[in-house]
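To start, the structure under review is shown below, and the notes come after it.
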Amino acid sequence: VGLGRWTPEEAPSGRALSAGLVEAVRAQVPAQAIVFSDQDTSYRLAAFAPVYVAVAPPGHVANTEANRPFERAEDARRFLRTGDLAIPESYGAGYLVVDRDRTERSFDLQELYRDERFTLYRMPSSP
């Protein structure tokens, strides 16, 4: 009887990527380029664009010496705390996506896209 009135609950959109960000990454970031962001944003971005991400949730990455998922996640958290661009540079990232719900920090980099929540930057070393 209880299932007769059941309707699926809508997924919270608070973690969803904006359509504009996805479009900007697809249009302005070359396929197979490395993008650095926090682990949640990176994980979702990899589902929508043909890019490599430097960080993903450790539970979704093989825990190998080469992958170092916990170290990468810690590096992403350290980057959010410090804004040290040497961190994404150490991963060869050509692009940076900042979720301003996670940090209000901005960077003196070329801005390729910005909306209410996300900013896409080109790193100085990118083509």
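Numbers for residues simply follow the sequence, beginning at 1.
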(request) Evaluate the side-chain proximity of T103 to F79: yes if any heavy-atom separation is below 4.5 Å, no if none is. (result) no

(message) Can you confirm whether Y95 sits close enough to V51 that some side-chain heavy atom of one is under 4.5 Å from a side-chain heavy atom of the other?
(response) no

(request) Using modelled atom types only, decide if a donor and an acceptor are shared between the side chain of R100 and the backbone of S106 within a distance under 3.5 Å. (result) no

(request) Find out if a path of hydrophobic residues (ILVMFWY) with successive side-chain heavy-atom gaps under 4.5 Å connects L80 to F36. (result) no

(request) Using the rule that two of Ile, Leu, Val, Met, Phe, Trp, Tyr join whenever any of their side-chain heavy atoms come within less than 4.5 Å, decide whether Y91 and L85 are in one cluster. (result) yes

(message) A side-chain contact here means heavy atoms from C-beta on lying under 4.5 Å apart; do D40 and R102 qualify?
(response) yes

(message) Run the salt bridge (Lys or Arg N to Asp or Glu O under 4.0 Å) test on D75 and R72 for me, step by step, so that the C-alpha distance in whole Å, both residues' side-chain angles and the decisive distance to 0.1 Å come before the verdict.
(response) CA-CA 5 Å; D75 284 346; R72 288 173 181 253; over 6 Å; no

(message) Tell me which one of V53, N67, V55 satisfies side chain to side chain contact (heavy atoms under 4.5 Å, CB included) with V61.
(response) N67

(message) Tell me whether Y43 at atom OH has more than 12 heavy atoms from other residues, nucleotides or ligands lying less than 6.0 Å away.
(response) no

(request) Take atom OH of Y113 as the centre, draw a 6.0 Å sphere, and report whether it contains more than 12 heavy atoms from other residues, nucleotides or ligands. (result) yes

(message) So, applying side chain to side chain contact (heavy atoms under 4.5 Å, CB included) with Y121, which one of V98, V97, D108 is it?
(response) V98

(message) Please check this pair: side chain of R77 against backbone of D38, looking for a donor-acceptor N/O pair closer than 3.5 Å.
(response) no

(request) Look at the side-chain heavy atoms of Ile, Leu, Val, Met, Phe, Trp and Tyr, link any pair under 4.5 Å apart, and say whether Y52 and L96 land in one connected group. (result) no

(message) Using salt bridge (Lys or Arg N to Asp or Glu O under 4.0 Å), reason through E74 and R81 one step at a time and then give a plain yes or no.
(response) CA-CA 11 Å; E74 177 53 36; R81 284 191 315 272; 3.4 Å; yes

(request) Would you indicate whether the side-chain heavy atoms of E116 and S18 approach each other to under 4.5 Å? (result) no

(request) Look at the side chain of R44 and the backbone N and O of A16, then say whether any donor-acceptor pair between them is shorter than 3.5 Å. (result) no

(message) Show the nearest heavy-atom pair for residues N63 and P69, with the distance to one decimal.
(response) OD1-CD, 3.6 Å

(request) For residues 22-37, pull every pair meeting side chain to side chain donor-acceptor pair (under 3.5 Å), keeping only residues two or more places apart or in separate chains. (result) none

(message) Closer than 3.5 angstrom, by distance alone: can the side chain of R117 be matched with the main-chain N or O of D101 as a donor-acceptor pair?
(response) no

(request) Would you check if V25 and L17 make a side-chain contact, meaning some heavy-atom pair closer than 4.5 Å? (result) no

(message) Ignoring hydrogens, what is the shortest heavy-atom contact between A73 and Q39? Give both atom names and the distance.
(response) CB-OE1, 3.5 Å

(message) Taking I34 as the starting point, is it possible to reach F48 by hopping between hydrophobic residues whose side chains are less than 4.5 Å apart?
(response) no

